[in-house]
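Read the numbers this way: they start at 1 and go in the same order the structure lists the ligands and their atoms. If you read the sequence from its start, that first residue is 1, and numbering goes on from there. Just so it is clear, the values below take in all heavy atoms, side chains as well, and ignore hydrogens, waters and symmetry mates. Everything numeric in this text was worked out from a predicted model, so none of it was measured.
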Amino acid sequence: MAQKLTDRAALDPLLANGWALVDGRDALEKTYTFANFIDAFSWMTRAAIVAEKMNHHPEWFNVYKTVRVTLTTHDVGGLSDLDVTLAQKMDKLAG
Ligand SMILES: C[C@H](O)[C@H](O)[C@H]1CNC2=NC(N)=NC(=O)C2=N1
């Protein structure tokens with residue numbers, strides 16, 4: 001079971017790398033922009049496999065070459081260490 005994030009400093013590197021806290025909700029958001037739809041969907045496929053392995057799933061919205069991702073942990077009603085880990089892995093996959 002995930003634990004609510006108590007060490008909020010763990011968010012700082014993400015906030016410096018395009019992630020932002022969502023207004024009115026304990027969640028992180030980032031919009032990735034790729035070169036084209038194939039690159040965006042390829043990244044989503046790779047991110048989906050990572051998410052499934054973690055049993056931790058993003059909320060996301062794709063339009064053409066952009067993907068807007070929202071991360072939060074529904075089981076704890078807010079951010080957990082799993083969101084930080086998934087955000088890091090998504091950034092790494094995006095290169
Ligand atoms: C039953 C299952 O393990 C849970 O519903 C998992 C699945 N994926 C999840 N993903 C996210 N983002 N938050 C959760 O709380 C969550 N819980």
(request) Pick one of side chain, backbone, both or neither for how Thr72 approaches ligand 1, counting any non-hydrogen atom pair under 4.0 Å. (result) backbone
(message) Strictly distance-based, threshold 3.5 Å: is any side-chain N or O of Asn62 a donor or acceptor partner for the main-chain N or O of Val67?
(response) no
(request) Identify, for atom 3 (O) of ligand 1, the protein heavy atom at the shortest distance, and state residue, atom and that distance. (result) Asn55 ND2, 2.7 Å
(request) Report the relative orientation of the aromatic rings in Trp43 and Tyr32; use parallel for angles under 30°, tilted for 30 to 60°, perpendicular for over 60°. (result) tilted
(request) Can you pull out the closest protein heavy atom to atom 14 (C) of ligand 1? Residue, atom name and distance to 0.1 Å, please. (result) His74 N, 3.5 Å
(message) Checking side-chain polar atoms at under 3.5 Å, does Asn36 have a donor or acceptor matched by the opposite partner on Tyr64?
(response) no
(message) Taking distance alone, with N or O pairs closer than 3.5 Å, would you say Thr73 contacts ligand 1?
(response) no
(message) Give me the residue, atom name and distance of the protein heavy atom closest to atom 4 (C) of ligand 1.
(response) Asp75 OD2, 3.8 Å
(message) I need the nearest protein heavy-atom contact for atom 8 (N) of ligand 1: residue, atom name and distance, please.
(response) His57 ND1, 2.8 Å
(message) I'd like to know if Phe34 and Phe37 are part of one continuous hydrophobic network [Ile/Leu/Val/Met/Phe/Trp/Tyr, side-chain heavy atoms within less than 4.5 Å].
(response) yes
(request) Using atom types as modelled and distance alone, determine if a side-chain donor or acceptor of Asp81 lies under 3.5 Å from a backbone N or O of Thr85. (result) no
(message) Looking at every non-hydrogen atom in both residues, tell me the closest pair between Thr70 and Arg25 and how far apart they are.
(response) CG2-NH1, 3.8 Å
(message) When you measure from atom 1 (C) of ligand 1 to the protein, is at least one non-hydrogen atom found at a distance under 4.0 Å?
(response) no
